[in-house]
Amino acid sequence: MKKLRYLILLVLLSACGTSPESEPSSDAASMTWEEQLEAARGQEITLMMWPGDPLINAYMKSYVKPEVKQRFDIDLNIVPGQGNQIVSSLMTELEAGKESSEVDMVWINGETFYQLRQIKALHGPFAKSLPNAEFINWESAFIGTDFQQPVNGFECPWGNVQMTLIYDSLKVSTPPMTLDELGLWVKANPGKFTLGNNFTGMTLLKAWLIDFAGGGKSLNGDFDEAKYLEASTKLWEFINTHKAYFWNEGKSFPKDLAEQHRLFANGELAFTMSNNDSEVDNKIAQGLFPESARAYVPDYGSIQNSHYMGITSLSENKKAVEVVINFLISPEAQLKKMDPRVWGDGTVLDVNKLSVEWQQKFQNVPGRVHAPERSEIAAKALMEPAPEYMMRLFEDFRLKVIEG
Amino acid sequence: MILGRKNIVLTAFVLICLLPLLMGFVYSLGYSLGVFGLMNEGFTLDHWLRLFASKDAWSSLIYTFLLTLVSITLVIVFAGLLSRAFVSKPERSFTQKLLLLPLLFAPVAAGFAWYYVLSPAGILSRISHALGLTEDITSFPRMVNDDWSIGILLVHVFLVLPIFTFLFTAQAKSMNLLEMNKLATSLGSSRLQCFTKLWLPALVKRFKLLIVLYAVFFMGTYEVPLILGQSSPRVLTVFISEKLTMFSLDDIPLGHCMAVFYSACIFIVLSFFLYRQKSTAS
Amino acid sequence: MIEVRQWQKKYAELEVLKSLNFQMEEGKTLAVLGESGCGKSTLLKTLAGFDVPDGGSFLFNGQNINALPVHQRGIVYMSQEALLFPHLNVFDNLAYGLNIRKVSKATQREKVMVLAQELGIEDQLEKMPSELSGGQKQRVNFGRALITQPRMLLLDEPFASLDSGTRMKMQKLFIESAEKWKLSTIFVTHDIKEALIMGSLWGTMSNGSLELFESKQAFIAAEQSGAKEEMAFWQTIQSENGRKDDE
Amino acid sequence: MMKLGKSTLALFVLLPLLCVIYLSVVSAWTYPLLFDAEFSLKHYLVLFSGESELAWSFVQSVLLSLVMATLGLLFGFFVAKEIAFSKYGSRLLKLAFYPYMIAPVVLGSMLQFYFVRWGLSASFFGVMLAQSLFILPYAVLIMSSFWSENILQLFKLGQSLGGDAKTVKRTLLYPLAKPWMLLTFAQCFLISWFEYGITQVLGIGKVKTLSVISMQFLKEANPHPAAVAAVLMIVPVLLTFIILYRWQNKAQGNWSAIAPINNSLSHHPKKVGA
């Protein structure tokens, strides 16, 4: 028994380690970019990112990875992990008092950014000192601000998109433009609509929440409990009165966006959605969606946001990560990414800041076929509300809809 | 020779078996009580109170329990039936060899394969469409991510049935159950009675411990419900891993609470069945 | 001359062997009669070297072999269950002792054939142990020991699990072989008849003590052998039958 | 009736295997295409493209499982012996069930802190260690059914027939233990080969075994590469088992092929569903 007590003590001792929370310092200033490129050579870095889209994966694995290897001699290792997994694995490292992280680079935005900042897991500010940062359209409220939080250089914008709903024009002749119309439509076409219990689904819910809160900019600013309660009560009521007409009678919701896309592709659903306004084109090009698929933004609008690259505060290869991120925001990599056949992700660069030659290239990106032009939908763009809204929606969606 | 090789080996064995468990348990317990963790602020029972106040946790517990119960019952009944059919057959008929196949399936692979067999856009659905039995994708009955966990149960049976069938068959042979069956029939029992009153009870009694062990396995099933389950209710393991990697950092201690609760349950059940048997035997 | 002195063994607090002393000539068979639990198996196992005694000496012509490791003693222990090596066939079981001594294959073959003939298992050589009957197994077991020409055989109720017919055959076989190979043997049994048939020396064992008798008559006369009771029983039966015949 | 039952059973068992093989050779698989889908080996050809993640994943899985099986065998063989002949043997042995019966994903989550702290997470070695936590005790469970009183008797008998300890080990112990060792090796291999939960949690997705990678493909709703991964998981093992089975049956009598399997199956369940 005595031995056992020692054992427990031992375990406790090793568990009570301290976690360093010192703000990481940025010493990039003391190095020229050439020196930094040299220092980054031969490094291996790990990027944790959402793996849910084959085209994005292909862009990373068969374009970015070989390019950074060839240009900078950096080995980019990509591991899967969504926002929440990123937070939990970095948090465990901090709790364990680690001095270096397994993950150097993370693909994040919104509430993940917010949480990582909360636990001081992000390195920065670094973004504005990257050579290619001068081309970034920092002035745009959809780029320089992430879920109402100023980015402040702790993450670097990588792409900018607006959410669209996607429908099959053979099954839906005129897509519902308001929530009332959507209600009528699902009653007339039971089982053909759903939203995912995931990031994209929540992004749609945010647009609905804003609509119930009065539309437009009504949820801008810090999180407001009263506003949330009022709007969300209406939101849950709307969903719960209609969910019997949702897919699988609203008893379950697709876990992954990929699953919802598959249901749409197979004709089980008439609607799917995407955070990326041009995804419909690349999915048709892949042969996954039928030719009759179309994307649109309803009258109540849709969230436009950016996604970012961050550097973990415990990364041992911050210099190399900066080199890779700088490459990701180079006109070349951004242009490639914008091609709907490659990914179709909107650029974060202000094209007017680029040389004429590049400006032309950006203007000649293969056009959208079934997706609306960005200029058309930009008028309906909604700002991301504060991250707490997203977190509360996630929690309450489970409580009030899935279990309700 | 104070320690001796024997004692070193035995100590190493005990440590390997128990130390990691103990360490994990202590950490999770500490976390659930607010002692460890970046977001925790000292000792509190709040997380535990929150866990047991949440409908989510209870439905997960009850669901896991029911799923385990139904899974193990199905396995026993089917294995019983198959052993009844196999007992008079030669040792290794083709069908019996075929039944070894599921033993080579990882749970991930089995869950994946059955998902694409059963889902509305899956193989069975396409076959039934081709045969004109179903008109479109929605008219095919839902067997994955469904209310009744049909998919999960099917995969559970698929994975475990072979082992139970082989053991049951071998045991029925060595216990001469077929002869007893004949005797019972001559005494006026119906076929069904023979099966439910004689065949199954005899086998279940013999393999009581093994059945408990498999029930414990089903309690910890993870990949299969991850692939084939609904978003709610979730099995315990999915509940735990989701809470630990939730958006809300406040929920992480809940995951640890449930992990502590789950492992304590397993510990108690195992200790009861493993060591009680020993004491009655000696 | 084989001599055992002050031989003792304790398990925990239980004194299984209480300072045994006895001696016997080489080439003789000492038949030891005893109920189960009297310590006879422990006696044989400690003599064989399977278990270490707590004290005492075991002398062969004055040489203490107690310190020798099992494989150098030349003493073979055989139990009630014929423990054949389950992965070897009959031939390889028989040849085992020669094989590990690196005897040439040809010699092995020759010796095994001769022995198998003697034991009446020459047509079983290719079989696996699981295919043999109880009597056949015990023959193989016996032959496997004989082929190593041991200085001593320790037999722990070797025929106890055989049916009576087979048992008689085996007893006969043993007596012949013991004669031929000049075997020194301790033969433990709980069957008085078997003790009388097999032995050339006799003893009884109870509560960890062994008592040797000077002659067959002394053994029969002794209370603890139970021979008198046995004889009385048969006489009663006979006389009852006789009376019936008279009527 | 009998025939119907037989074919139902055969279908039940074969369907998943046929399904993954089928999925691995079709592409552009939209509902309701079945046999008119596009068939090609392109998902397999990727394996040989040099940069293939899947091929590397296969190699890594094989390595990991071989290492685990070897460790399990060695640990099981020697520890089981000490346990079998220890005074508290059977009580000690039962301890091996505890780590084995906790769902690996939960065990992994509870231990993640320590693994991260000691720099073991996200590495091959870390995953090895994590799997050892339940594979080694399990190996002891299987091997302990070999170490019976009977084996000890045979060992002593061998000695009394004139073999020294080394010779007896070579001629008796190892040949006798072979079926058990084979079984332990195979079981440990399979447990490691099948493992998902702890490998995912403590490998942080960096140690991409076949089960980890097929789950990743599955989450991308990318069934065809996932099917290739599943085929890679099942078919080589199936072939190995068929060959081993044939060879075992030919090389030795029924004794060795059956004894340990019957023995250990009834005592120690194979890991499933977790």
Side-chain angles (χ1 to χ4, degrees), chain B residues 6 9-10 13-14 16-18 20-21 23-25 27-28 85 95 98-99 101-102 104-110 112-114 116-117 121 123 126-127 129-130 137 156 159-160 163 167 170 210 213-214 216-218 220-224 227 237 240-241 244 259 262-263 266 270 274-275 278, chain D residues 5-6 9-10 12-17 19-20 22-23 31-32 34 78-79 82-83 86 90-92 94-99 101-103 105-107 109-111 113-114 133 136-137 140 193-194 196-197 211 214-215 218 223 226 230 233-234 237-238 241 262 265-266 269-270 272-274:
Chain B
K6 190 183 183 86
V9 170
L10 292 182
F13 171 74
V14 173
I16 284 182
C17 289
L18 295 185
L21 280 184
M23 282 166 56
F25 193 81
Y27 179 70
S28 282
T95 329
L98 214 53
L99 200 54
L101 205 53
L104 302 180
F105 270 75
V108 178
F112 160 70
W114 279 103
Y116 280 93
V117 170
I123 288 177
R126 289 171 197 231
I127 292 174
H129 177 84
I137 203 158
H156 278 174
L159 287 170
V160 176
I163 298 164
L167 291 176
L210 193 77
L213 293 179
Y214 271 95
V216 171
F217 272 154
F218 284 136
T221 175
Y222 178 59
E223 297 97 309
V224 177
I227 298 170
T237 49
I240 292 168
S241 68
L244 291 180
Y262 159 80
S263 43
I266 301 292
L270 270 185
L274 288 176
Y275 288 100
K278 166 82 191 166
Chain D
K6 240 185 205 173
L9 187 69
F12 176 66
V13 170
L14 279 174
L15 209 54
L17 182 64
C19 170
V20 290
Y22 169 81
L23 280 174
Y31 185 85
L34 188 59
F78 293 108
V79 176
E82 300 298 343
I83 286 182
S86 136
S90 70
R91 290 184 158 246
L92 283 180
K94 285 175 182 174
L95 293 179
F97 279 105
Y98 289 90
M101 300 302 289
I102 299 264
V105 64
V106 177
L107 184 64
S109 304
M110 298 203 303
L111 288 170
F113 169 84
Y114 301 96
L133 298 182
L136 297 190
V140 175
W193 189 249
F194 289 169
Y196 171 75
S211 55
S214 62
M215 191 65 118
L218 203 54
M233 245 193 286
I234 298 162
V237 181
L238 178 66
F241 268 66
N262 283 346
L265 266 184
S266 55
K270 174 186 155 272
V272 275

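Please read all numbers here as calculations on a predicted model, not as lab measurements. Chain naming here is simple, since letters A, B, ... match the order of the sequence lines and numbering starts at 1 in each.
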J.: Would you please classify the geometry between the D:Phe113 ring and the B:Tyr27 ring as parallel, tilted or perpendicular, with 30° and 60° separating the classes?
T.: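 Parallel.
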J.: Step by step, work out the side chain to side chain contact (heavy atoms under 4.5 Å, CB included) result for B:Ile227 and D:Met215.
T.: CA-CA 9 Å; B:Ile227 298 170; D:Met215 191 65 118; 3.9 Å; yes
J.: Less than 4.5 Å to any heavy atom of chain B: does that hold for the side chain of D:Leu107, its backbone, both, or neither?
T.: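 Only the side chain of D:Leu107 comes within 4.5 Å of chain B.
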J.: How long is the gap from CD1 on B:Ile240 to CE on D:Met110, to the nearest 0.5 Å?
T.: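 Nearest 0.5 Å value for the CD1-CE distance: 8.5 Å.
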J.: Using a 3.5 Å distance criterion without hydrogens, assess whether the side chain of B:Tyr262 forms a donor-acceptor pair with backbone atoms of D:Ala103.
T.: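 Checked: pair present.
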J.: Checking heavy atoms, do the side chain of D:Leu9, its backbone, both or neither come under 4.5 Å from chain B?
T.: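 Only the side chain of D:Leu9 comes within 4.5 Å of chain B.
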J.: Take B:Phe112 and D:Val20 through the test side chain to side chain contact (heavy atoms under 4.5 Å, CB included) and record every step on the way to the result.
T.: CA-CA 8 Å; B:Phe112 160 70; D:Val20 290; 3.5 Å; yes
J.: Roughly how far, to the nearest 0.5 Å, is the CG atom of B:Leu10 from the OG atom of D:Ser86?
T.: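 Going from the OG atom of D:Ser86 to the CG atom of B:Leu10 covers 5.0 Å.
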J.: For D:Tyr22, enumerate each residue passing the side chain to side chain donor-acceptor pair (under 3.5 Å) test, keeping only those at least two apart in sequence or located in another chain.
T.: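 If we apply the side chain to side chain donor-acceptor pair (under 3.5 Å) test to D:Tyr22, skipping adjacent residues, the hits are D:Trp29.
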J.: With a 4.5 angstrom heavy-atom cut-off, could you sort out which part of D:Leu17 is near chain B: side chain, backbone, both or neither?
T.: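 Both backbone and side chain.
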J.: Is it true that a side-chain atom of B:Tyr275 and a backbone atom of D:Arg91 form a donor plus acceptor pair closer than 3.5 Å?
T.: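 Judged by distance alone, yes, a pair lies under 3.5 Å.
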J.: With rounding to the nearest 0.5 Å, note down the distance linking CD1 in B:Ile123 to SG in D:Cys19.
T.: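 If we round to the nearest 0.5 Å, B:Ile123:CD1 and D:Cys19:SG are 3.5 Å apart.
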J.: For B:Leu18, which atoms come within 4.5 Å of any heavy atom of chain D: side chain, backbone, both, or neither?
T.: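 Contact with chain D is through the side chain of B:Leu18 alone.
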J.: So which part of B:Ile137 gets closer than 4.5 Å to some heavy atom of chain D, the side chain, the backbone, both or neither?
T.: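 Contact with chain D: backbone and side chain both.
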J.: Could you tell me which portion of D:Val106 (side chain, backbone, both or neither) has an atom closer than 4.5 angstrom to a non-hydrogen atom of chain B?
T.: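 Just its side chain gets close to chain B.
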J.: Can you tell me how far apart CZ (D:Phe97) and CD1 (B:Ile266) are? Round to the nearest 0.5 Å.
T.: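 Rounded to the nearest 0.5 Å, the CZ-CD1 separation comes out at 13.5 Å.
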J.: Restricting to side chain to side chain donor-acceptor pair (under 3.5 Å), what partner residues turn up for B:Ser28, sequence neighbours left out?
T.: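 Side chain to side chain donor-acceptor pair (under 3.5 Å) list for B:Ser28, sorted by chain: B:His256.
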J.: For B:Leu274 and D:Tyr98, run side chain to side chain contact (heavy atoms under 4.5 Å, CB included): C-alpha distance rounded to whole Å, both residues' side-chain angles, the deciding distance at 0.1 Å, then the answer.
T.: CA-CA 10 Å; B:Leu274 288 176; D:Tyr98 289 90; 4.3 Å; yes
J.: For D:Tyr114 and B:Met23, indicate whether the former's side chain and the latter's backbone hold a donor-acceptor pair under 3.5 Å.
T.: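 Yes: the side chain of D:Tyr114 pairs with the backbone of B:Met23.
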J.: For D:Val140, is it the side chain, the backbone, both, or neither that has a heavy atom closer than 4.5 Å to a heavy atom of chain B?
T.: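 Side chain only.
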J.: What's the spacing between D:Leu92 CG and B:Phe13 CZ if we round to 0.5 Å?
T.: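 Answer rounded to 0.5 Å: 6.5 Å.
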J.: Report the distance from atom CG of D:Leu95 to atom CG of B:Leu270, rounding to the nearest 0.5 Å.
T.: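 It is 10.5 Å, given to the nearest 0.5 Å.
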J.: Using side chain to side chain contact (heavy atoms under 4.5 Å, CB included), reason through B:Leu101 and D:Leu238 one step at a time and then give a plain yes or no.
T.: CA-CA 8 Å; B:Leu101 205 53; D:Leu238 178 66; 3.6 Å; yes
J.: Between B:Val108, B:Ile127, B:Leu99, B:Val14, which has the largest tally of heavy atom pairs under 4.5 Å with chain D?
T.: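 The answer is B:Val108.
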